[in-house]
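Treat the numbers as computed from the prediction; the structure is a model and nothing was measured. Index from 1, following the sequence. Whatever order the structure lists ligands and atoms in, that order sets their numbers, starting from 1.
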Amino acid sequence: MPAYKLMYFDTKGRAEVIRLAFAAAGQSFEDKRFPLSMEEWQAVKPTIPQKQLPCLQVDGRLIPQSGAIMRYVAREFGLYGDNNDENTRVDVIIGTAEDFLKNAFALRYEKDETKRAELKKDLEENKLPQFFSLLEEILKENNGGDGFFVGKKISLADIMIYDITDQVGAAAKLPAFPPKLGGLIDRVKNHPKIKEYLAKRGD
Ligand SMILES: N[C@@H](CCC(=O)N[C@@H](CS)C(=O)NCC(=O)O)C(=O)O
């Protein structure tokens with residue numbers, strides 16, 4: 001088994017879905033967190049492909065881009081579906097999540113207070129309810145919504161949706177989950193390996 005080192009900052013951000021995927025797989029990895037003061041990062045930055053984090057080191061190889069890394073880890077550990085149809089279903093959820101995340105990123109990077117308030121209101125009153133309804137419909141297509149998004153076991157799709165609700169929930173007030181989505185979020189949080197990771201994460 002190769003040695004894995006995930007480099008990011010000391011925050012959840014773009015790395016947390018990868019940390020959660022490693023946790024779900026029961027795969028240990030070095031969780032290198034550069035301090036947000038950035039001094040240490042600035043020294044290392046020239047050696048990192050694309051000069052951005054996250055970056056995953058697999059033995060001697062460096063992989064940039066959070067989307068590539070999360071897919072790589074998911075494929076390595078059976079979290080990306082078991083056939084082309086299931087791989088595609090995972091991709092549909094990732095695409096749906098990325099569409100929604102544009103709104104969340106817009107809020108995160110907006111500096112103007114008035115615009116921030118407008119974006120937050122739109123997120124809470126429109127974008128989040130729309131996103132949750134869409135996910136509820138997709139979820140119901142598999143096992144009536146009582147299992148996971150894809151197939152019969154947890155995948156990157158479930159992990160990513162849980163992580164988004166967790167991180168966006170820290171910046172905005174989440175609407176109530178529709179019933180099947182609420183059940184899914186509970187199943188992810190209670191997955192034995194994820195539960196263990198979340199207990200250690202301690203938030
Ligand atoms: N598309 C890239 C974006 C990476 C990115 O924006 N990384 C930021 C942190 S979230 C970064 O490394 N900032 C520090 C810098 O650019 O020096 C990904 O998803 O990995």
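- Considering only non-hydrogen protein atoms, atom 3 (C) of ligand 1 sits nearest to Gln52 OE1, 3.5 Å.
- Summarising the geometry, atom CD1 belonging to Ile161 is positioned 4.5 Å from atom CG belonging to Leu135; distances are rounded to the nearest 0.5 Å.
- Counting heavy atoms from C-beta outward, Asn103 and Leu128 have side chains that stay 4.5 Å or more apart.
- When each atom of ligand 1 is checked for a heavy atom of Phe9 under 4.0 Å away, the hits are 9 (C), 11 (C), 12 (O), 14 (C).
- Against a heavy-atom cut-off of under 4.0 Å, Tyr8 is close to the following atoms of ligand 1: 10 (S).
- Considering both main-chain and side-chain atoms, Leu53 comes within under 3.5 Å of ligand 1 through a nitrogen or oxygen pair.
- Arg187 has no carboxylate O lying under 4.0 Å from a charged side-chain N of Asp158, or vice versa, which leaves the two without a salt bridge.
- In this structure, atom 20 (O) of ligand 1 lies nearest to the protein heavy atom Ser66 N, 2.8 Å.
- Within the listing of ligand 1, atoms 20 (O) sit less than 4.0 angstrom from a heavy atom of Pro54.
- Closest protein heavy atom to atom 2 (C) of ligand 1: Gln65 OE1, 3.1 Å.
- Applying the 6.0 Å contact sphere to NZ of Lys153 captures more than 12 heavy atoms from other residues, nucleotides or ligands.
- Between Tyr162 atom OH and Leu184 atom CG the span is 12.5 Å, to the nearest 0.5 Å.
- The side-chain tip of Lys32 points at the ring of Phe34 from less than 6.0 angstrom away and within 45° of straight on.
- Remark: Arg89 fails to qualify as a cation-pi partner of Phe148 under the 6.0 Å distance and 45° angle criteria applied to the six-membered ring.
- The shortest heavy-atom distance from Gly13 to ligand 1 is not under 4.0 Å.
- Considering backbone and side-chain atoms alike, Lys45 places an N or O below 3.5 Å from some N or O of ligand 1.
- With salt bridges taken as basic N to acidic carboxylate O contacts below 4.0 Å, one links Arg19 and Glu16.
- Looking only at protein heavy atoms, the nearest one to atom 14 (C) of ligand 1 is Trp41 NE1, 3.6 Å.
- In Arg14, the part holding a heavy atom less than 4.0 Å from any atom of ligand 1 is the side chain.
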